[in-house]
Amino acid sequence: MPKSRQQLILSVLMVCSLLIWLDNTVLSTTLETLSDPVRGLNASPSELQWATGSYTLAFATLMFTAGALGDRFGHRTVLVAGLVVFAASSVWAAYAGDAGQLIAARAAMGVGSALIMPANLAVLMWTFTGPARSTAIAISSTAAGVGMAVGPVLAGVLLDRFWWGSVFLVNVPVVVLALIGIALLVPNFRSPVARPLDPAGMLLSISGLATLAYGLIRAGQVASWGRTDVWGPIVGGLVLLAVFVLVELRVKVPSFDPRLLAQRAFGGGNVALGLLLFAVSAVTFYNAFYLQGARGYSPMEAGLAGIPTAVGATLGAPVGARLVRQWSLRTVTVPALTVAALTMGAYGLFGLETPLVRIELLLLVQGLAVGMVLGPVTAALISTLPLERAGAGSAVTNTVRQTGSVIGIAVGGTIMSIVYRRSIEPSLDGVPGPVREQALVSAEQARHVADAARRPELVRAADEAFVHAMHVGAVWIMLIGLFGAAVLLIALRSARKPAAAVREADHEQEAGPSTTETVPHAGADARPRREGEGVGSH
């Protein structure tokens with residue numbers, strides 16, 4: 001394949017990756033607006049948890065199935081299907097009439113992303129060989145940093161000028177551009193050996209995670225962990241996930257191979273990454289309401305305030321890669337994960353008058369620390385596996401990380417809801433019933449009803465209750481992050497990084513953080529087969 005065509009294909013694939021990262025980041029800036037009864041959908045905290053978590057849930061549980069579909073029907077076919085689903089569900093989300101429709105649309109967008117991501121990287125792996133492949137992966141992965149930096153600012157611009165649905169409609173022209181490029185440039189590569197589909201595993205993983213998330217979020221709605229409709233779904237979800245593991249252990253070629261988690265370095269490293277993503281998702285959820293709600297920043301100001309995190313994460317990955325080459329993976333990443341956890345705990349020091357520069361410095365350090373962990377650890381974990389196990393290892397890594405994100409949003413939001421409700425209750429003595437009930441839902445609802453009822457003191461009480469809830473949540477998030485650092489310390493106790501793997505992974509590590517990256521399954525170095533052809537060369 002001519003080099004010029006390879007470069008054009010890489011550009012198209014970067015557009016596809018950018019689309020997913022833009023969508024991930026614009027939503028966090030939109031959460032406060034969606035909770036507004038006038039400008040948004042009057043969404044409750046639990047509904048916003050589902051709007052965020054339904055996307056990640058679909059993404060986490062369908063990615064390994066999407067890879068198998070690409071083997072059977074061609075990766076271009078699956079990539080196009082994913083883009084079409086993503087665009088259609090983006091329009092649906094933009095015009096959702098209530099929070100329930102938005103949640104369903106976001107889940108559909110997660111399906112589209114799950115189809116896009118594995119096919120996107122598979123096409124890249126088929127297109128490039130040798131050293132050019134590492135360079136292409138490094139260049140392609142910069143879309144993550146660009147999306148993290150541009151997404152919040154873009155959302156802020158749109159929300160300041162248009163209605164909230166515009167942040168989803170912006171996906172459509174990007175999809176059209178990507179589809180044109182795919183039609184003109186990308187062959188329909190297929191794997192010589194198709195992986196079997198795993199419908200049982202897919203259904204069990206989806207139902208298990210959804211049931212578990214429902215129980216965790218329900219606890220925040222009823223402000224109690226002891227009710228049957230809370231612990232029942234939690235136990236049921238855990239049972240379904242246990243059955244999922246048992247089923248996958250019996251499958252000859254599982255899409256998700258639990259046996260890999262029994263390996264100390266690989267299993268422990270993935271658990272640590274899952275705990276890190278748990279903490280990142282929870283603290284990001286808090287930050288959206290803190291900046292726009294409690295501090296009163298506009299969407300544009302909040303978007304600009306998030307840039308240090310993106311810059312830090314983008315710089316942290318190459319810095320971490322260089323430090324790992326000089327010292328060791330354990331020496332670099334365990335302290336970095338510890339620092340990341342401590343920065344999340346530092347949210348417990350934020351108040352209603354905290355100087356913005358102090359917040360920005362903390363977010364920069366947090367981004368650097370997270371970037372120094374995600375890139376190097378992910379590359380090292382995959383490199384510990386033989387080539388024929390790389391695909392299975394990729395499925396496990398991505399599923400564990402996305403699962404951490406789903407549960408982090410559910411648990412973090414629930415802690416915030418429970419503590420907020422208990423904190424604001426003393427301030428509602430003597431408040432009329434309807435006002436009281438609405439104020440108990442969330443700080444956003446309390447501010448709105450305070451304006452309508454002309455009770456300015458209620459606004460201050462809601463802000464203080466929210467900040468207290470954020471402080472309590474920050475401590476729990478920090479403990480989860482520190483536990484992840486301890487797990488990583490044990491997992492990497494005797495891990496050795498092969499020199500060849502280091503050289504091959506260097507460019508990938510320097511590419512930037514990715515919470516959704518996959519590696520094609522065994523046979524990625526084999527010659528690709530295009531649609532209608534035998535095995536051909538590129």
Side-chain angles (χ1 to χ4, degrees), residues 30-53 97-100 102-103 164 213-233 282 285-297 347-348 350-353 409-476:
T30 314
L31 291 174
E32 178 71 24
T33 302
L34 289 171
S35 68
D36 191 280
V38 178
R39 297 181 298 125
L41 293 177
N42 195 28
S44 67
S46 63
E47 289 171 331
L48 294 175
Q49 285 172 273
W50 276 115
T52 307
D98 54 44
L102 178 63
I103 291 168
W164 59 266
Y214 172 81
L216 293 171
I217 293 173
R218 181 63 178 163
Q221 290 178 296
V222 300
S224 172
W225 293 99
R227 290 176 42 152
T228 306
D229 57 348
V230 171
W231 62 259
F285 193 77
Y286 286 10
N287 196 45
F289 295 102
Y290 171 67
L291 292 176
Q292 293 186 56
R295 298 300 299 269
Y297 294 154
Y347 275 66
F350 289 174
L352 297 175
E353 307 296 335
I409 293 167
V411 173
T414 292
I415 293 174
M416 180 178 72
S417 296
I418 292 175
V419 178
Y420 164 80
R421 184 173 300 186
R422 294 176 179 174
S423 180
I424 198 173
E425 277 182 339
S427 303
L428 299 178
D429 290 340
V431 175
V435 175
R436 175 186 174 87
E437 290 303 315
Q438 195 166 348
L440 284 172
V441 173
S442 67
E444 290 69 36
Q445 296 290 326
R447 296 185 195 104
H448 177 73
V449 74
D451 290 339
R454 296 183 180 179
R455 287 179 171 267
E457 73 282 358
L458 187 55
V459 174
R460 183 72 181 187
D463 289 343
E464 291 177 349
F466 169 81
V467 169
H468 175 67
M470 183 179 71
H471 290 172
V472 174
V475 172
W476 283 103

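Under the ring pair (Phe, Tyr, Trp, His ring centres under 6.0 Å) criterion, F289 pairs with F285, not counting sequence neighbours. In this structure, the side-chain contact (heavy atoms from CB on, under 4.5 Å) partners of A282, at least two apart in sequence or on a different chain, are I477. Applying the side chain to side chain donor-acceptor pair (under 3.5 Å) test to D463 and every residue at least two apart in sequence or in another chain returns R447. For Y290, the side chain to side chain donor-acceptor pair (under 3.5 Å) partners are R295, not counting sequence neighbours. Legend: residues meeting side chain to side chain donor-acceptor pair (under 3.5 Å) with T52, ordered by chain and number and at least two apart, are absent. Residues passing the side chain to side chain donor-acceptor pair (under 3.5 Å) test with Q445 are N42, Q438, sequence neighbours excluded. By the salt bridge (Lys or Arg N to Asp or Glu O under 4.0 Å) test, E457 is found to be paired with R455, residues two or more places apart in sequence or in another chain being considered. Residues meeting the salt bridge (Lys or Arg N to Asp or Glu O under 4.0 Å) test with R39, sequence neighbours left out: D36. Qualifying salt bridge (Lys or Arg N to Asp or Glu O under 4.0 Å) partners for D98, counting only residues two or more places apart in sequence or in other chains: none. Shown here are the salt bridge (Lys or Arg N to Asp or Glu O under 4.0 Å) partners of E47, two or more places apart in sequence or in another chain: there are none. Scored by the side-chain contact (heavy atoms from CB on, under 4.5 Å) test, L41 finds L34, L102, W164 as partners (sequence neighbours excluded).
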Test log, rule side chain to side chain contact (heavy atoms under 4.5 Å, CB included), inputs M470 and F350: CA-CA 9 Å; M470 183 179 71; F350 289 174; 3.9 Å; yes
Candidate pair W225 and I418, rule side chain to side chain contact (heavy atoms under 4.5 Å, CB included), full reasoning: CA-CA 10 Å; W225 293 99; I418 292 175; 3.6 Å; yes
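The minimum heavy-atom distance between V467 and G351, with the atom names listed, is CG1-CA, 4.3 Å. R436 and D429 get closest at one heavy-atom pair: NH1-N, 4.4 Å. In plain terms, the two heavy atoms of V441 and P45 that are nearest each other are O-CG, 3.7 Å. Residue S46 comes nearest to I217 through the heavy atom pair CB-CG2, 3.5 Å, listed as atom of the first residue, atom of the second, then distance. Closest non-hydrogen pair, Q292 versus T33, comes out as OE1-OG1, 4.3 Å. The two atoms that bring V230 and A219 nearest to each other are CG1-CB, 3.6 Å, heavy atoms only.
Distance alone, capped at 3.5 Å, places no donor-acceptor pair between the E444 side chain and the S35 backbone. Within the 3.5 Å criterion, the main-chain N or O of I424 finds no donor-acceptor partner in the side chain of H468. In this structure, Y286 contributes its side chain and A474 its backbone to no donor-acceptor pair below 3.5 Å.
Contact of the W476 side chain with the V411 side chain is not registered, since no non-hydrogen atoms from C-beta on lie closer than 4.5 Å. The side-chain heavy atoms of L458 and V435, taken from C-beta on, include a pair separated by under 4.5 Å. Taking 4.5 Å as the limit, every side-chain heavy atom of L291 sits out of range of all side-chain heavy atoms of E32.
Sorted by first and then second residue, the side chain to side chain donor-acceptor pair (under 3.5 Å) pairs involving residues 411-427 (not counting sequence neighbours) form an empty list.
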